[in-house]
Enquirer: 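Starting off with a structure, shown below.
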Amino acid sequence: APQTQLLLGKIARLVQAQGNAGDGLAAQQRLVEQRRVQFGAASIETLDALADLGEMQRELGMNAEAQQSLTTSLTGLVAGTSFSHAATHRAGRSLVRNLLELGQTAEAVRFATMLLDGVSKLKSPDNALLLEATELVMVAKASSGDDAGAIQHYDRAIQLAEAQPIITEAPANANALPELLPPLPKPVKPVRDMEQALASRWFVWIGGVAIAVGGLLFVKYAYDNGL
C-alpha cells in the first residue's frame with residue numbers, strides 16, 4: 001500500500017540517521033522492491049526509491065553498489081524523459097559525485113552532460129534546474145582536466161545565476177503616507193449648576209449667617225443695657 005511504502009521510506013532515513021546504517025539500508029531495499037512490484041521497474045516511483053538507495057549506499061562508502069543503483073535510476077528516468085522530476089536531478093548529482101570519487105571522470109562528464117542536455121530540451125526549462133545541471137557539468141569537466149570546457153560552462157552558469165529573479169519583499173503600502181494622529185480634543189471647562197455651587201460653598205453661607213445673627217444679638221444686648 002502507498003502508506004506502507006511511505007512509512008518504509010521514513011523508517012529507512014530515520015534508522016540511518018540514528019546510526020543503524022544496515023537496518024536503514026535494508027528498509028530502503030524493501031521499499032525499492034515493493035515499488036517495483038506495484039508500479040514496475042521503470043516507474044518513477046521505483047526509480048525515485050532507487051535513487052535514495054544509491055545515495056544511502058554512497059554515504060556508507062559502498063561506491064560500487066551506489067554506482068549500480070544510481071546508474072539504473074538515472075538511465076531509467078532519462079529514458080522516461082523525466083528531466084523535470086526531482087528524482088532525476090538527485091540521482092544525477094549523486095551519480096556524478098560517486099563517479100568522481102571513483103576517479104571515473106569520463107563517465108561523470110557523460111552523465112552530467114546527459115542531464116544538462118535533457119533539461120535544455122524541455123519546452124519551458126526551469127532556470128534553477130539549468131543552473132544546477134550546468135554547474136554539475138562544470139565540476140565534472142574541471143575534474144577531468146577539460147579546463148576550456150569547465151570555463152565555458154562556468155560562464156554559462158554565471159549568466160544563468162544573473163538571470164535568476166531577485167525577490168525583494170516590500171511593504172504592502174510602501175507609498176502610503178503615515179497616518180496622522182487624531183487631534184487632541186480641546187479642554188472643556190466644567191459647568192457647575194446651582195446645586196453644585198451651593199453644595200461646595202455651604203460653609204461660607206453658614207459662616208455669613210452666623211456673623212449676621214451674632215451682630216444682631218450684640219446690637220439688641222447693647223440697647224437693652226443702655227450701652
Side-chain angles (χ1 to χ4, degrees), residues 2 5-6 9 13 28-29 31-33 35-36 38-59 62-167:
Q5 295 175 10
L6 182 61
R13 283 296 179 185
Q28 188 64 29
Q29 288 171 337
L31 177 62
V32 172
E33 290 303 320
R35 290 190 174 182
R36 183 179 286 119
Q38 182 174 0
F39 300 106
S43 66
I44 290 180
E45 291 81 4
T46 302
L47 297 172
D48 187 5
L50 193 58
D52 284 337
L53 176 62
E55 282 188 306
M56 294 174 69
Q57 290 168 332
R58 190 177 76 85
E59 292 171 1
M62 303 167 61
N63 295 92
E65 293 83 351
Q67 181 174 344
Q68 181 180 356
S69 299
L70 293 168
T71 301
T72 303
S73 176
L74 182 61
T75 52
L77 290 165
V78 168
T81 63
S82 303
F83 289 103
S84 61
H85 199 279
T88 307
H89 297 272
R90 190 168 66 256
R93 286 193 308 269
S94 295
L95 178 58
V96 170
R97 291 170 183 167
N98 191 69
L99 290 169
L100 291 176
E101 290 174 0
L102 293 173
Q104 301 180 22
T105 55
E107 283 295 287
V109 171
R110 183 172 75 86
F111 281 107
T113 304
M114 179 194 303
L115 188 61
L116 177 58
D117 291 343
V119 175
S120 301
K121 291 176 182 177
L122 290 174
K123 186 175 181 180
S124 300
D126 184 82
N127 195 58
L129 292 180
L130 276 173
L131 175 59
E132 184 178 339
T134 302
E135 290 176 341
L136 199 61
V137 175
M138 177 190 70
V139 171
K141 285 185 175 291
S143 300
S144 68
D146 185 2
D147 295 337
I151 292 173
Q152 179 183 357
H153 285 84
Y154 171 78
D155 293 336
R156 176 59 177 153
I158 293 296
Q159 294 174 1
L160 291 169
E162 291 176 346
Q164 288 277 71
I166 300 175
I167 301 174

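Not measured: the values here are computed from a predicted model.
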Enquirer: Which atom names give the shortest non-hydrogen contact between T46 and G40, and what distance separates them?
Expert: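 Looking at all heavy atoms of both residues, the shortest contact is OG1-O, 2.8 Å.
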Enquirer: Looking at E55 and R58, is there a salt bridge between them, counting it only when a charged N and a carboxylate O are closer than 4.0 Å?
Expert: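 Not counted as a salt bridge, because no side-chain N and carboxylate O are separated by less than 4.0 Å.
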Enquirer: Given V139, which of T134, V96, L100, V109 fulfils the side-chain contact (heavy atoms from CB on, under 4.5 Å) condition?
Expert: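 Answer to the side-chain contact (heavy atoms from CB on, under 4.5 Å) test with V139 among T134, V96, L100, V109: L100.
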Enquirer: Mind listing the closest non-hydrogen atom pair of L77 and L47 along with its distance?
Expert: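 In terms of heavy atoms, the two residues are closest at N-CD1, 3.5 Å.
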Enquirer: With rounding to the nearest 0.5 angstrom, report the CZ to CG distance, R97 to L136.
Expert: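 Interatomic distance, R97 CZ to L136 CG, rounded to 0.5 Å: 7.5 Å.
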Enquirer: I'd like to know if the side chain of S69 and the backbone of E65 have a donor-acceptor N/O pair within less than 3.5 Å.
Expert: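 Looks like yes, one N/O pair under 3.5 Å.
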Enquirer: I'd like to know if the side chain of N63 reaches the main chain of N98, judged simply by a donor and an acceptor atom lying under 3.5 Å from each other, with no hydrogens or angles considered.
Expert: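 Not confirmed, N63 side chain does not pair with N98 backbone.
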Enquirer: Rounded to the nearest 0.5 Å, what separates atom CD in E33 from atom CG in L50?
Expert: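 It is 9.5 Å, given to the nearest 0.5 Å.
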Enquirer: Rounded to the nearest 0.5 Å, what separates atom CG in L95 from atom OG1 in T75?
Expert: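 Answer for the CG-OG1 pair, L95 versus T75, is 9.0 Å.
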Enquirer: Measure the CD-CD distance between Q57 and Q68 for me, rounded to the nearest 0.5 Å.
Expert: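 These two atoms lie 8.0 Å from each other.
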Enquirer: Under a 4.5 Å cut-off applied to non-hydrogen side-chain atoms, are V119 and E132 in contact?
Expert: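 V119 does not reach E132 side chain to side chain.
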Enquirer: Under a 3.5 Å threshold, yes or no: a donor from one side chain and an acceptor from the other, between Q104 and Q67?
Expert: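 On atom types as modelled, these side chains qualify, holding a pair under 3.5 Å.
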Enquirer: Could you measure the distance from the NE2 atom of H89 to the OG atom of S94? Nearest 0.5 Å is fine.
Expert: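 Reported value, rounded in 0.5 Å steps: 13.0 Å.
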Enquirer: Show your reasoning for whether side-chain contact (heavy atoms from CB on, under 4.5 Å) applies to R35 and D48.
Expert: CA-CA 10 Å; R35 290 190 174 182; D48 187 5; 4.3 Å; yes
Enquirer: Locate the shortest heavy-atom distance separating E45 from F39; write the atom from each residue and the value.
Expert: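 So the minimum-distance heavy-atom pair works out to CB-CD1, 3.7 Å.
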Enquirer: Of all the heavy-atom pairs spanning A51 and A91, show the shortest one and how long it is.
Expert: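 Minimum heavy-atom separation between A51 and A91: CB-CB, 3.8 Å.
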Enquirer: How long is the gap from NZ on K141 to CG on D147, to the nearest 0.5 Å?
Expert: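 It comes to 11.0 Å.
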Enquirer: Contact between D52 and R90 at the side-chain level, heavy atoms closer than 4.5 Å - yes or no?
Expert: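 A side-chain contact exists here, since the closest heavy-atom pair is under 4.5 Å.
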Enquirer: Under the side-chain contact (heavy atoms from CB on, under 4.5 Å) criterion, do T71 and E107 qualify, and how do the steps go?
Expert: CA-CA 10 Å; T71 301; E107 283 295 287; over 6 Å; no
